[in-house]
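Chain letters run A, B, ... following the sequence lines, proteins first, then strands; residues in each count from 1. Computed from a predicted structure; not experimentally measured.
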Amino acid sequence: MPIDPTLLDDLEWRGLIAHSTDLDALREALAGGSVRFYVGFDPTAPSLHMGNLVQILTAKRLQDAGHTPYALVGGATGMIGDPKESGERSLNSLDTVKEWVERVRRQIEPFLSFEGENAATMVNNYDWTASLSTIDFLRDVGKHFPVNRMLSREVVRSRLEAGISYTEFSYVLLQSMDFLNLFRDHGVTLQFGGSDQWGNLTGGVELIRRSDGGKAHAFATPLVTKADGTKYGKTEGGALWLDPEMMSPYAFYQFWLNVEDEKVGELLRIFTFLPRAEIEELEAQHAEKPFLRAAQRALAEHVTTLVHGAEETERIKAASAALFGGGDLAALSAATLGAALREAGSTRIDGDEEIPPVVDLLVATGLAKSKGEARRTITEGGAYLNNVRVEDPDAVPAADQLLDGTWIVLRRGKKNFAGVEVH
RNA sequence: GGCAGGUUGCCCGAGCGGCCAAUGGGAGCGGACUGUAAAUCCGUCGGCUUUGCCUACGAAGGUUCGAAUCCUUCACCUGCCA
């Protein structure tokens with residue numbers, strides 16, 4: 001596989017390098033042949049999310065340019081948990097971590113190629129950490145970590161007041177040891193990760209230098225935030241999961257479609273493989289006619305295709321067009337309507353019974369968390385049945401309101417749709 | 001181990017015997033305006049069989065006609081001293 005010499009320039013243009021060790025040295029190394037690199041994923045949840053996707057796609061970019069990936073799942077580091085500013089993590093059980101390791105592994109695999117000269121390798125740091133003795137750990141690894149330096153790290157400093165356990169404080173040693181092991185056993189000389197990992201990345205580079213006198217590189221990708229600096233998905237309804245069980249592909253697509261104008265260019269560069277010229281063209285179009293949201297549409301389509309596949313994306317686009325088309329829902333064919341609602345999320349109810357009140361349907365479809373909330377939504381004028389506002393909190397759908405004799409389209413607010421299928 | 005302070009709804013944070021499902025801010029949700037955007041404004045924001053009832057202010061007891069508010073014990077957190 002030939003090496004793509006433009007890789008680093010492309011990464012820089014995409015804004016994917018927020019921090020790095022000596023960039024010129026890295027450029028030289030990348031030009032010199034297939035560089036073995038690694039990126040780690042800790043199993044802190046049953047699914048990876050948008051932040052991890054940046055790493056996965058960056059790994060793919062490197063592999064596509066001829067370099068050799070080692071994707072690491074943190075069976076060991078996931079048992080410990082890296083320190084975060086908000087406070088101490090609660091430890092997960094070994095069984096939980098093992099299960100999540102498997103799930104994370106399966107999520108990463110489709111993005112990388114495990115064939116050819118620069119085939120990817122999956123590794124688990126549990127393999128070389130579990131059997132390590134405390135004495136060896138303290139002598140061989142701990143000796144290279146000055147506590148005064150560790151204390152000066154931003155995350156650690158921020159925790160000194162509220163408190164930080166020795167467990168989390170030690171995390172950086174484990175991750176650094178991973179890099180050293182991969183360096184020794186596999187010739188891995190590059191690690192990258194999120195910018196919040198910068199301390200852990202440089203920890204590994206230093207350990208390799210101090211312990212083996214070796215030369216290794218690291219860079220950090222930027223933290224993707226909203227225009228106001230807050231994290232995506234942090235506040236509204238949880239993280240943006242890649243697992244379709246945890247976040248429906250439809251909701252995933254809708255998220256990207258609704259991205260703020262200010263961010264769409266940045267996100268296109270980070271999350272799509274569209275070439276530079278195409279992205280710049282989209283940005284120009286968007287600047288001129290933002291209301292068409294061509295850039296958001298491209299973004300949503302590309303990212304959803306990457307994560308959930310082209311077929312699913314087509315179904316979602318059709319569903320979105322049907323639901324947001326603004327046309328008469330009754331004019332849609334039964335097949336189109338049913339398909340759209342199944343994408344958006346639908347609930348079946350038994351048609352032998354009477355149709356339940358709208359309030360109950362809002363709860364049953366998940367549009368409202370409780371009957372109180374459902375009732376409130378109606379009072380506030382935010383509930384719609386077949387795109388007609390529901391005025392009465394006690395409203396009950398009539399039999400003749402079933403579209404094609406089967407479907408009820410419920411909407412909460414401007415863009416939350418759900419179907420009810422009456423059987 | 002000693003002393004002091006703290007633990008309130010998703011988060012921060014008031015309340016310090018009845019008028020408290022609990023001020024205020026943030027987040028969320030709905031409406032208006034738009035472009036399924038941002039900003040702004042308005043409303044809303046524990047649950048239910050909803051003019052009332054139930055559950056809630058770290059946990060368990062107690063005082064009282066009545067407690068988030070007072071007392072006791074326990075748990076946890078923070079600071080100072082050992």
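Comparing A:Gly382 and A:Glu262 by the nucleotide of RNA chain B that holds the closest heavy atom to each, the one mapping nearer the 5' end is A:Gly382.
Scanning for side-chain hydrogen bond (donor to acceptor under 3.5 Å, both in side chains) contacts around A:Glu102 gives A:Arg105, with sequence neighbours left out. Scored by the salt bridge (charged side-chain N to carboxylate O under 4.0 Å, His left out) test, A:Glu99 finds A:Arg103 as partners (sequence neighbours excluded). In this structure, A:Asp22 has no side-chain hydrogen bond (donor to acceptor under 3.5 Å, both in side chains) partners at least two apart in sequence or on a different chain. Considering only residues two or more places apart in sequence or on other chains, A:Tyr250 meets the ring-ring contact (aromatic ring centres under 6.0 Å, His included) condition with none of them.
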- Would you write the dot-bracket representation of RNA chain B, where each base gets (, ), [, ], | or . depending on whether it forms a Watson-Crick or G-U pair under 3.5 Å and with which partner? ((((((((.[[[..)..(.....]]].(((((.......))))).(((...)))...[[[[[..)....]]]]]))))))).
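When the C1' atom is compared between B:C65 and B:U51, the two are found 26 Å apart, to the nearest whole Å. Nucleotides B:C16 and B:G24, compared at atom P, are 16 Å apart to the nearest Å. Between B:A21 and B:A14, the distance separating the two C1' atoms is 15 Å to the nearest Å.
Counted by atom type alone, A:Gln254 and A:Ser320 present one or more donor-acceptor pairs between their side chains at under 3.5 Å.
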- Item | Per-nucleotide protein contact string for nucleotides 43-53 of chain B, where B marks a base within reach and S marks sugar-phosphate only (heavy atoms under 4.0 Å, - for neither) | BSS-SSSB---
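For B:A37, one of the phosphate oxygens OP1 or OP2 lies less than 4.0 angstrom from a side-chain nitrogen or oxygen of A:Lys415. Under 4.0 angstrom from either OP1 or OP2 of B:C29 there lies no side-chain N or O belonging to A:Asn416.
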